[in-house]
Amino acid sequence: MPELPEVETIVRGLNEKVLGRTFIDIWTDSKKIVKKPESFEQFKKEIKGKTILKIWRRGKNILFDLSGNKVLLIHQKLTGHLLHGTWSMKHRTWQPKERGPLEEKINTYIHLLFTLDNGKMVALSDLRKFGKAELWETEELKKELSSLGPEPLDRDFDFEEFKRVLLKTRGKIKKILMDQKVIAGIGNIYSDEILWQAKVNPLRQIKTLNKKELKKIYKAIKEVLKKAVELRGTSTSDYRDIEGKKGFFQKQRKVYRREGEKCSRCGAIIKKIKLAGRSARFCPKCQKV
DNA sequence: TGCAGTGTTGCTTC
DNA sequence: CGAAGCAACACTGC
């Protein structure tokens, strides 16, 4: 569900709430969500008593640096929500900042619940159960994460680095932008928005892009992602932050889930097509093939 | 009613 | 090798 800006918002929120806290208990109703170590019991045993030193992000992965050289990795995939608050297990209820039908549902889909030493909790709610939690040794995790592409908002992700990673690949630009091994953190929403801003058609083959177009895509990556982080992510559907609050980027998205509407730049009708098994939205007039 | 679609990833198949 | 298809799972909307 969440891409880089949403995950960044969650990480910032968690850093404000749970830094220095110690895990005292873990509950699940769905042991399969824990992928590493293999048994949930082992996972629980190893995390209990560990203190949270720092929370950070690599691509769309949320990482809790723990005492004892361990790292807890959480990936929310399509429908995960990582939340902070207090729940009564008897009623499985949560008191989020906003109330509504989604919040009620989020409560029912809580499958992993960490209790902290101040009585607060961190919960992973996930309708489709694609999300995962893993416990790694710090050194092992470093190797695991090294297969990801560069962080697009890092200062050293400059135009040269962008060209270097992009021109190694072949295929359609939209698919490549979403490839986590090429650049980390971009998914369906932001690849659509980036390509609209750069005026590049999602079907364009990498090898046909000229320098001017590459430059525009590079610039759009930085600008769109930065803006989306500022606006705390996109909630066109069910994305929420750790307190249950919506983001604001949906108000200024240009193409994502806007098929049939007029392009704000040229007035043509936004089109939706199938690309690499996903839907892609773009303006057929200002993003010509 | 039934089936395509949904923000992800990784494995299998060709 | 790359590209495509699909599975993991559950719900919504046409």
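The analysis underlying the following values was restricted to heavy atoms, covering all of them including side chains, and did not include hydrogens, waters or symmetry mates. Here is how names work: the chains are called A, B, and so on, in the same order as the sequence lines, proteins then strands, and each is numbered from 1.
With rounding to whole Å, A/Arg128 atom CZ is found 9 Å from B/dG5 atom C1'. The distance between atom CD1 of A/Ile106 and atom C1' of C/dA10, rounded to the nearest whole Å, is 15 Å. Rounding to whole angstrom units, CG of residue A/Asp126 and P of C/dC11 are separated by 12 Å. For A/Phe130 and C/dA8, the CZ to P distance is 9 Å, given to the nearest whole Å. Note: CG (A/Leu148) to P (B/dG10) measures 8 Å, nearest angstrom. Nucleotide C/dC9 holds its P atom 17 Å from the NZ atom of A/Lys31, rounded to whole Å. In this structure, the OH atom of A/Tyr256 is 11 Å from the C1' atom of B/dG5, given to the nearest Å. Between the P atom of B/dT8 and the NE2 atom of A/His75 lies a distance of 8 Å, rounded to the nearest Å.
Residue A/Ser279 is classed as a sugar-phosphate contact, given heavy-atom separations below 4.0 Å to backbone atoms only. Residue contacts for A/Lys272: at a heavy-atom cut-off of 4.0 Å it reaches the sugar-phosphate backbone alone, with no base atom in range. Backbone-only engagement by A/Lys60 is indicated by non-hydrogen atom pairs under 4.0 Å involving sugar-phosphate atoms exclusively. Heavy atoms of A/Arg253 sit nowhere under 4.0 angstrom from any nucleic acid atom. Backbone-only engagement by A/Lys32 is indicated by non-hydrogen atom pairs under 4.0 Å involving sugar-phosphate atoms exclusively. When heavy atoms are screened at a 4.0 angstrom cut-off, A/Gly277 is found touching no nucleic acid atom at all. Contacts of A/Arg170 with the nucleic acid, taken as non-hydrogen atoms under 4.0 Å apart, involve only primed sugar atoms and P, OP1 or OP2.
Annotation: side chain of A/Ile26 is in contact with side chain of A/Phe43 (closest heavy-atom distance under 4.5 Å).
Distance alone, capped at 3.5 Å, is enough to place a donor-acceptor pair between the A/His81 side chain and the A/Asp238 backbone.
B/dA4 and C/dG5 are spaced 16 Å apart, taking the C1' atom of each and rounding to whole Å. Rounded to the nearest Å, the gap between the P atom of C/dC9 and that of B/dT1 is 25 Å.
A/Lys129 has a side-chain polar atom (N or O) that falls below the 4.0 Å cut-off from OP1 or OP2 of C/dA10. For A/Gln180 and B/dT9, the shortest distance from a side-chain N or O to OP1 or OP2 is below 4.0 Å. For A/Arg281, a side-chain nitrogen or oxygen approaches OP1 or OP2 of B/dT6 to under 4.0 Å. Listed pair A/Tyr109 / C/dC11 meets the phosphate criterion, a side-chain N or O lying under 4.0 Å from OP1 or OP2.
Closest contact between the side chain of A/Leu127 and the listed nucleotides B/dT6, C/dA10, B/dT8 involves C/dA10. For A/Leu78, the listed nucleotide lying nearest its side chain is B/dT6; candidates were C/dA4, B/dT6, C/dA10. Nearest nucleotide to the A/Lys105 side chain, out of C/dC9, C/dT12, B/dT8: C/dT12.
For the residue pair A/Asn188/A/Lys174, the side-chain donor-acceptor check at 3.5 Å is satisfied.
For A/Phe249 and A/Tyr190, the gap between ring centers is short of 6.0 Å.
Partner assigned to C/dT12 is B/dA4, using Watson-Crick or G-U wobble distances below 3.5 angstrom.
One finds no salt bridge joining A/Glu213 and A/Lys215 here, because no Lys/Arg side-chain nitrogen approaches an Asp/Glu carboxylate oxygen to under 4.0 Å.
A/Lys219 NZ: 12 or fewer foreign heavy atoms inside a 6.0 Å radius.
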